[in-house]
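Everything on this sheet refers to the single structure shown next.
Chain A is the first sequence line, chain B the second, and so forth, proteins listed ahead of strands; every chain is numbered from 1. The model shown is predicted, which means the values in this text are computed figures rather than measured ones.
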Amino acid sequence: MPAGTPALLMPELPEVETVVRGLRLHLPGRRIVELRLGKKTDFIDDAVALGERVPGALVRGVRRHGKFLVLELEVGAKDGGGVGGELLLVIHLGMTGQLTVVAADAEVKAHTHVFFVLDDRRELRFCDPRRFGRMLVASVVDGEKILGPLGADPLEVSEADFRRLISSRRARIKALLLDQRVFRGMGNIYTDESLWRAKIHPARLGANLTGEEIKKLWRAMRGILEEAIRLGGSSISDYVGADGEPGEFQIRHRAYDREGKKCFRCGAKIRRMIVAGRSSYFCPKCQRAPRVL
DNA sequence: CGTTGAACCTGTTTGC
DNA sequence: TGCAAACAGGTTCAAC
């Protein structure tokens, strides 16, 4: 395990999806009656606005957009004459963010920065040791300004669109998969796993991939993400209190974090190199780097 | 357009 | 043994 690898969750698409599904069991129909903030609030876009607009809101729904979680809130008209309506609570878990629904008297873990007190004696808590996460409340229109620029959902993109997005680019395939403006939700782990399954070297250029390779990558990516979601993500623990099951996907990693270990397909030693500025694990035999990337 | 590196932050691991 | 440095992750920004 590389130094600093968090023992718990690495929120990429499957992990966020798992959290969203967990929150859906508890939040819709609940009212947020009070908001409490920890001392550090620098990860909140506008903490004052959060404190003013969220209390009293009814949670209508919870959804995922890429790696963002979106809580759809219904707010009533305020005394001051506001019209009420719909608000979006947009949350990014960053690297170490966790959202949990727990009893109001549950022990408070270190680095818990936000408490959404619910109307059923429980609390939605946001804990994030490294504070790489982000949170903001916004109108639907303003929320879209955050979510709008994001690229295609890896689970919904058609093979034709996937090919078009890749073959038109001279950037490395690793960089393209990680670019949230191209595909929303892919992170370092699932990118490496997808490339390993498709037998494509991470430093290959998008435009140089053959139609066959792109098709394999499309299938690999979807298969791996769906499998990871089915298993509850890569290593989430206690994500919604008693309902959370630890994720199990990490035991299925074939490339990520396996430097020096044998490739499950051919037995060659998995190598690690920096591609697109990120640690990249691949099999030098299965994932050949051609003379011309 | 594309790449690289730094910054943000803290817990864990590594190396001396 | 102990402490400091390196490192991990996602995103953004600046510089080339």
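- Of the candidate nucleotides C:dC7, B:dG2, B:dT3, B:dT3 has the atom lying nearest to any side-chain atom of A:Ala175.
- At least one side-chain nitrogen or oxygen of A:Lys67 sits closer than 4.0 Å to the OP1 or OP2 atom of C:dT11.
- Rounded to an integer number of Å, the gap from CZ of A:Phe132 to P of C:dT12 is 13 Å.
- Contact annotation: A:Arg131 reaches the phosphate of B:dT10 (side-chain N/O to OP1 or OP2, under 4.0 Å).
- Closest contact between the side chain of A:Arg172 and the listed nucleotides B:dT3, C:dG9, B:dG11 involves B:dT3.
- Between A:Tyr190 and A:Phe183, the ring center distance fails the sub-6.0 Å criterion.
- The interatomic distance linking A:Asp42 (CG) with B:dC8 (P) rounds to 12 Å, in whole Å.
- Taking atom CG on A:Leu93 and atom P on C:dT11, their separation rounds to 11 Å, with Å as the unit.
- Taking atom CD1 on A:Ile44 and atom C1' on B:dC9, their separation rounds to 16 Å, with Å as the unit.
- Under the 30°/60° scheme for interplanar angles, the aromatic rings of A:Phe126 and A:Phe43 are found to be tilted.
- The residue A:Gly187 sits close only to the backbone: its heavy atoms come under 4.0 Å of sugar-phosphate atoms, none of a base.
- In summary, A:Glu72 and A:Arg63 engage in a salt bridge, as defined by a charged side-chain N under 4.0 Å from a carboxylate O.
- One can place NZ of A:Lys174 at 12 Å from C1' of C:dG9, the figure rounded to the nearest angstrom.
- Taking a cutoff of 4.0 Å between a charged side-chain nitrogen and a carboxylate oxygen, A:Glu193 and A:Arg197 do not qualify as a salt bridge.
- Remark: A:Thr96 is not in phosphate contact with B:dC9, judged by side-chain N or O atoms under 4.0 Å from OP1 or OP2.
- Going from atom CD of A:Gln180 over to atom P of C:dG9 covers 14 Å, rounded to whole Å.
- No close placement of the A:His65 and A:Phe68 rings is indicated, their centers lying 6.0 Å or farther apart.
- Separating the CG atom of A:Asn188 from the P atom of C:dT11 is a distance of 11 Å, rounded to the nearest angstrom.
- OP1 or OP2 of C:dG9 has at least one side-chain nitrogen or oxygen of A:Tyr256 nearer than 4.0 Å.
- Not one side-chain nitrogen or oxygen of A:Arg181 sits closer than 4.0 Å to the OP1 or OP2 atom of C:dT12.
- A:His111 has no side-chain polar atom (N or O) that falls below the 4.0 Å cut-off from OP1 or OP2 of B:dC9.
- Nucleotide C:dG9 holds its P atom 11 Å from the NE2 atom of A:His253, rounded to whole Å.
- With B:dT3, C:dT11, B:dC9 as the choices, the nucleotide that has an atom nearest any side-chain atom of A:Arg130 turns out to be B:dC9.
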